[in-house]
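Proteins get letters first, then strands, A, B, ... in listed order; numbering begins at 1 in each.
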Protein chains: 2
Amino acid sequence: MKLDDAAARLEALGNPTRLKIYRTLVRAGQEGLPVGRLQVKLDAAASTLSHHIKTLVIVGLVTQTRDGTTLVCRANYGLMRELLDYMVEECCADSEGSCAPVAVPRVA
Amino acid sequence: MKLDDAAARLEALGNPTRLKIYRTLVRAGQEGLPVGRLQVKLDAAASTLSHHIKTLVIVGLVTQTRDGTTLVCRANYGLMRELLDYMVEECCADSEGSCAPVAVPRVA
DNA sequence: ACAGTATTTCTATATTTCTGGAAATATAGT
DNA sequence: ACTATATTTCCAGAAATATAGAAATACTGT
């Protein structure tokens with residue numbers, strides 16, 4: 001992952017509303033959630049929510065598929081994993097001492 | 001970790017210059033790096049760099065200790081770990097299906 | 001074609017962020 | 001006290017972001 005892409009993704013997650021959206025989608029799992037359900041859950045203006053979701057989609061952390069009139073949003077788990085890896089990549093590479101600082105969580 | 005704190009930390013990392021600072025410190029390991037060395041490595045104006053480092057310190061991702069006239073900066077590995085965990089916390093908790101989406105990397 | 005629901009785009013405003021020069025502060029050595 | 005080095009704070013302008021109302025678009029069913 002390139003630094004600028006990683007920064008853009010972290011910035012996208014670095015807003016309380018967007019982080020809430022993202023985490024809600026992470027909880028929702030593979031089946032995802034329609035925009036409308038997110039709006040009810042988060043109680044935000046539709047246009048505001050739409051902008052935030054778009055931001056997440058642009059950086060790739062969220063994907064969308066249309067199902068009739070509703071747009072279903074899903075967390076992109078693979079990309080999240082790449083982002084987590086990037087953050088601790090080459091940990092202590094420039095250090096003389098031993099490396100034991102970070103551990104990134106595992107799931108399944 | 002509270003959502004607002006996590007968002008603030010992600011926002012701090014979500015700027016190319018700050019992400020570069022942070023990653024340089026992650027590579028540097030436990031001994032850390034003085035501000036001055038960061039300035040040379042990243043080739044940024046001192047005041048600009050100082051602002052960015054301050055942002056990282058405020059959210060807790062970087063710590064500083066003074067050694068004479070130089071300020072040594074270090075990545076806070078423990079907090080990074082907490083942040084990574086937070087991002088995938090309760091993954092699929094609201095889902096019927098099985099959960100296998102994300103895995104957070106391990107180190108040592 | 002029309003009506004209805006879902007969602008986005010347009011537009012505007014208030015606020016925040018990024019950047020860096022200049023000046024100030026901190027520490028150490030003489 | 002004076003000088004030198006390291007770093008921060010002050011200041012300001014330009015650019016980007018967050019928010020949301022209103023209008024537009026997309027799809028479905030009749």
Original post:
Reading DNA chain C 5' to 3', how would its secondary structure be written in dot-bracket notation, given Watson-Crick and G-U pairs with both distances under 3.5 Å, brackets [ ] for crossing pairs and | for partners on other strands?
Top reply: ||||||||||||||||||||||||||||||
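Contact check for A:Met1 versus A:Leu79: side-chain heavy atoms found under the 4.5 Å cut-off. Between A:Leu13 and A:Arg9, every side-chain heavy-atom pair lies at or beyond the 4.5 Å cut-off.
For the side-chain contact (heavy atoms from CB on, under 4.5 Å) test, residues two or more places apart in sequence or in another chain that qualify with A:Ala28 are A:Leu33. Contacts of B:Asp5 classified as side-chain hydrogen bond (donor to acceptor under 3.5 Å, both in side chains), with partners at least two apart in sequence or in another chain: none. Residues meeting the side-chain hydrogen bond (donor to acceptor under 3.5 Å, both in side chains) test with A:Asp94, sequence neighbours left out: B:Arg27. Here B:Glu89 pairs with A:Arg23 under the salt bridge (charged side-chain N to carboxylate O under 4.0 Å, His left out) rule; sequence neighbours left out. Applying the side-chain hydrogen bond (donor to acceptor under 3.5 Å, both in side chains) criterion to A:Thr48, with sequence neighbours excluded, gives no partner residue.
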Which atom pairs link the protein and nucleotides 2-9 of chain C when you take only N or O atoms and keep those under 3.5 Å?
from: C:dA6; atom 1: O3'; to: A:Thr69; atom 2: O; distance (Å): 3.2
from: C:dT7; atom 1: OP1; to: A:Leu71; atom 2: N; distance (Å): 2.9
from: C:dT7; atom 1: OP2; to: A:Gly36; atom 2: N; distance (Å): 2.7
from: C:dT8; atom 1: OP2; to: A:Ser50; atom 2: OG; distance (Å): 2.9
from: C:dT8; atom 1: O5'; to: A:Ser50; atom 2: OG; distance (Å): 3.2

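Between A:Ser95 and B:Glu31, the shortest heavy-atom distance links the atoms OG-OE1, 3.0 Å.
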Please tabulate, for side-chain N and O atoms in residues 52-74 of chain B, each donor-acceptor pair with protein atoms closer than 3.5 Å (sequence neighbours left out).
from: B:His52; atom 1: ND1; to: B:Arg18; atom 2: NH1; distance (Å): 3.0
from: B:Thr55; atom 1: OG1; to: B:His51; atom 2: O; distance (Å): 3.1
from: B:Thr65; atom 1: OG1; to: B:Arg74; atom 2: NH1; distance (Å): 2.9
from: B:Arg66; atom 1: NH1; to: B:Gly68; atom 2: O; distance (Å): 3.2
from: B:Arg66; atom 1: NH1; to: B:Thr69; atom 2: O; distance (Å): 3.4
from: B:Thr70; atom 1: OG1; to: B:Asp67; atom 2: O; distance (Å): 3.1
from: B:Arg74; atom 1: NE; to: B:Gln30; atom 2: O; distance (Å): 2.7

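Panel note: side chain B:Thr24, backbone B:Lys20; a donor-acceptor pair is recorded below 3.5 Å. B:Tyr77 places a side-chain N or O within 3.5 Å of a backbone atom of B:Val26 that can act as its donor or acceptor partner.
Shown for residues 1-21 of chain A: no residue has heavy atoms falling under 4.0 angstrom of DNA chain C.
Along DNA chain D, the stretch of nucleotides lying under 4.0 Å from any heavy atom of chain A spans, 5' to 3', D:dT17 to D:dT28.
The side chain to side chain donor-acceptor pair (under 3.5 Å) pairs that include a residue from residues 36-45 of chain B number zero, where partners must be two or more places apart or lie in different chains.
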